[in-house]
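Beneath this line is the structure, given in structure tokens, with notes to follow.
We count residues from 1, following the sequence as given.
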Amino acid sequence: MNIIFHLGHPAHFHLFKNVIHNVKNNGHKIAILIKKKDVLDELLKKSNLEYYNLLPNGRKDNKLGITLGMIETDLKLFRFALEFKPDIMIGTSYAISHIGKLLNIPSINVNEDDSDIVPLYSKLSYPWASIILSPKVCRMGKWESKTVHYEGYHELAYLHPDHFEPDHTIVEKYFPVDEPYFILRFAKLTAHHDKGIQGINTGIASQLIAMLKPFGNVYITSERILEPEFEKYRIKINPLDIHHVLAFASIYIGDSQTMAAEAGVLGTPFIRFNDFVGRISYLDELENKYHLGLGILPAEPDKLFSTLQNLLDTNNLKQTWSNRREVMLGAKINTAEFITWFIENYPESIKIIKKDPSYNFKQNSKP
């Protein structure tokens, strides 16, 4: 098969990197297409993966920027698909849905956000997608009929123990791993679906640091420009190493969705502080079913500080979280292996999972 992977965010590199490795090893020809976003280029280069950038200059996160970016992406993907002749396209991308429909090429749209959380993306993508792959817990609204659900998370495509083992020697490239440390993450919150979303402001960040410093070292990783007083806490980490750093942290606190989920599946206690709390199904499940993190709304800063103090005062915190992680892993699948199976057995894989959601794809690698 010829397979196009379309990546639009650094998290999508991690989501698909093991799938790409699997299908290449199984003899399929692949092409990786991207748009410029944060460290996505850097991740691909450091992994020695060839790719083609459909939007080398990126786009602005406003209506005009989104519209122009969509037109440019569609045109470039159209031309690329005519030359590459893919049998299937997969990604978290509206473009594969559009061009797939136009050229009669199956498109698999992979997402773990509820459709109502990303309404613009849903309207631009799902009507034309051949199929949507989504965690079982996610709400897909009127597109439920074309959704195939699985018992997993995106983060388990790359942080499942089958794929990832934390290495303390990697962390020691940056700081001593035998000293307790905490990771703070500040997201930009400037995407179109982030409109009106609040997170950690300067005052809250200052108080968090003051609370954490008596218990260990504080390191900040930030998408947004930091205030001068926080620069001494900033740590620059190779994007390929960040999950090792996150795995050994005592606590993670941030306003980023993805990194909170990554902390959770790694067994690192997390506190998520933004207006998405209570609205995103897979994070709610990590927090409320598996108790791997805590979500707090910006309107409740006192709750944030009291929750953090309770964690700091808890004995054997990491062991407790490790036990909870094992419960979660026992209920979930290796997402990368599932997506690989789904692609290689498409379209029969749709019928199989729709008929039997508990189908054991590992024991039955071919339909």
Side-chain angles (χ1 to χ4, degrees), residues 1-9 11-24 26 28-35 51 54 70 73-74 77-78 80-81 84-115 118 121-136 138 140-158 282 333-355 357 359 361 365-367:
M1 271 197 297
N2 287 356
I3 307 169
I4 283 179
F5 290 86
H6 190 193
L7 318 182
H9 189 280
H12 305 157
F13 160 80
H14 293 297
L15 168 63
F16 289 116
K17 64 183 179 183
N18 291 309
V19 179
I20 290 169
H21 175 77
N22 289 345
V23 298
K24 285 178 69 176
N26 292 342
H28 303 289
K29 183 180 179 182
I30 66 111
I32 302 172
L33 309 182
I34 74 166
K35 69 176 182 182
Y51 64 94
L54 297 175
M70 182 172 66
T73 300
D74 279 0
L77 178 57
F78 177 80
F80 191 95
F84 185 71
K85 296 180 173 57
D87 297 290
I88 199 164
M89 298 190 289
I90 184 166
T92 53
S93 158
Y94 54 78
I96 62 169
S97 301
H98 298 172
I99 304 308
K101 189 71 171 180
L102 186 63
L103 297 179
N104 197 29
I105 301 167
S107 62
I108 302 174
N109 205 295
V110 186
N111 207 339
E112 72 173 348
D113 285 322
D114 305 281
S115 62
V118 286
Y121 175 83
S122 299
K123 291 175 184 176
L124 291 174
S125 306
Y126 296 158
W128 299 278
S130 302
I131 201 74
I132 303 164
L133 283 185
S134 176
K136 184 178 179 180
C138 291
M140 299 311 295
K142 63 182 178 181
W143 293 286
E144 188 65 43
S145 62
K146 63 163 57 181
T147 300
V148 169
H149 289 288
Y150 60 91
E151 196 66 83
Y153 307 121
H154 280 196
E155 293 72 20
L156 289 176
Y158 53 98
Y282 80 98
I333 63 171
N334 180 326
T335 302
E337 298 302 322
F338 172 74
I339 294 176
T340 301
W341 171 86
F342 192 87
I343 294 171
E344 293 186 328
N345 292 277
Y346 187 91
E348 194 65 22
S349 50
I350 299 174
K351 300 175 186 176
I352 292 171
I353 299 299
K354 288 280 190 178
K355 182 179 179 180
Y359 177 80
F361 65 93
S365 58
K366 293 293 179 183

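- Side-chain contact check for V23 versus T340: some heavy-atom pair is nearer than 4.5 Å.
- Between I30 and K24 the shortest heavy-atom distance is CG1-CG, 3.6 Å.
- Two residues are said to be in side-chain contact when any heavy atoms from C-beta on lie closer than 4.5 Å; K354 and K351 fail this criterion.
- Looking at E344 and H28, their side chains do bring a donor and an acceptor atom within 3.5 Å of each other.
- When side chains are defined from C-beta on, N22 counts as touching E337, because their heavy atoms get closer than 4.5 Å.
- Note that CG of L7 and CZ of F13 are 9.0 Å apart. Values are rounded to the nearest 0.5 Å.
- Contact check for E144 versus H149: side-chain heavy atoms found under the 4.5 Å cut-off.
- Expressed to the nearest 0.5 Å, how far OG1 of T335 lies from OH of Y153 amounts to 10.0 Å.
- To the nearest 0.5 Å, atom CD1 of residue I343 and atom CE of residue M89 are 12.5 Å apart.
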Determine whether S125 and N109 satisfy the following criterion, side chain to side chain contact (heavy atoms under 4.5 Å, CB included), listing intermediate values before the conclusion. CA-CA 8 Å; S125 306; N109 205 295; 3.7 Å; yes
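- Atom OG of S122 and atom CG of D113 lie 8.5 Å apart (nearest 0.5 Å).
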The test is side chain to side chain contact (heavy atoms under 4.5 Å, CB included); show your working for I3 and I90 and say whether it passes. CA-CA 8 Å; I3 307 169; I90 184 166; 4.3 Å; yes
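- With rounding to the nearest 0.5 Å, the separation of CG in L33 from CG in L54 is 5.0 Å.
- Contact between F84 and K29 at its shortest, heavy atoms only, is CE1-CE, 3.6 Å.
- The closest side-chain heavy-atom distance from I339 to L133 is below 4.5 Å.
- Residues S97 and A129 share a closest heavy-atom pair of OG-CB, 3.5 Å.
- In summary, the aromatic rings of W341 and Y346 are positioned with their centroids too far apart to meet the 6.0 Å limit.
- Less than 6.0 angstrom separates the ring centroid of H98 from the ring centroid of Y94.
- Rounding to the nearest 0.5 angstrom, the gap separating the CD atom in E348 from the CZ atom in F342 is 11.0 Å.
- Smallest separation of non-hydrogen atoms from L103 and A81: CD1-CB, 3.8 Å.
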Are I350 and V148 close enough, and set up right, to give a side chain to side chain contact (heavy atoms under 4.5 Å, CB included), and what steps lead you there? CA-CA 7 Å; I350 299 174; V148 169; 4.2 Å; yes
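- Between Y121 and Y126, the ring-plane angle classifies as perpendicular under the 30° and 60° cut-offs.
- In this structure the side chain of I131 never reaches within 4.5 angstrom of the side chain of T147, judged on heavy atoms.
- Within 6.0 Å of atom NZ in K123, 12 or fewer heavy atoms from other residues, nucleotides or ligands are found, so the atom counts as exposed in its surroundings.
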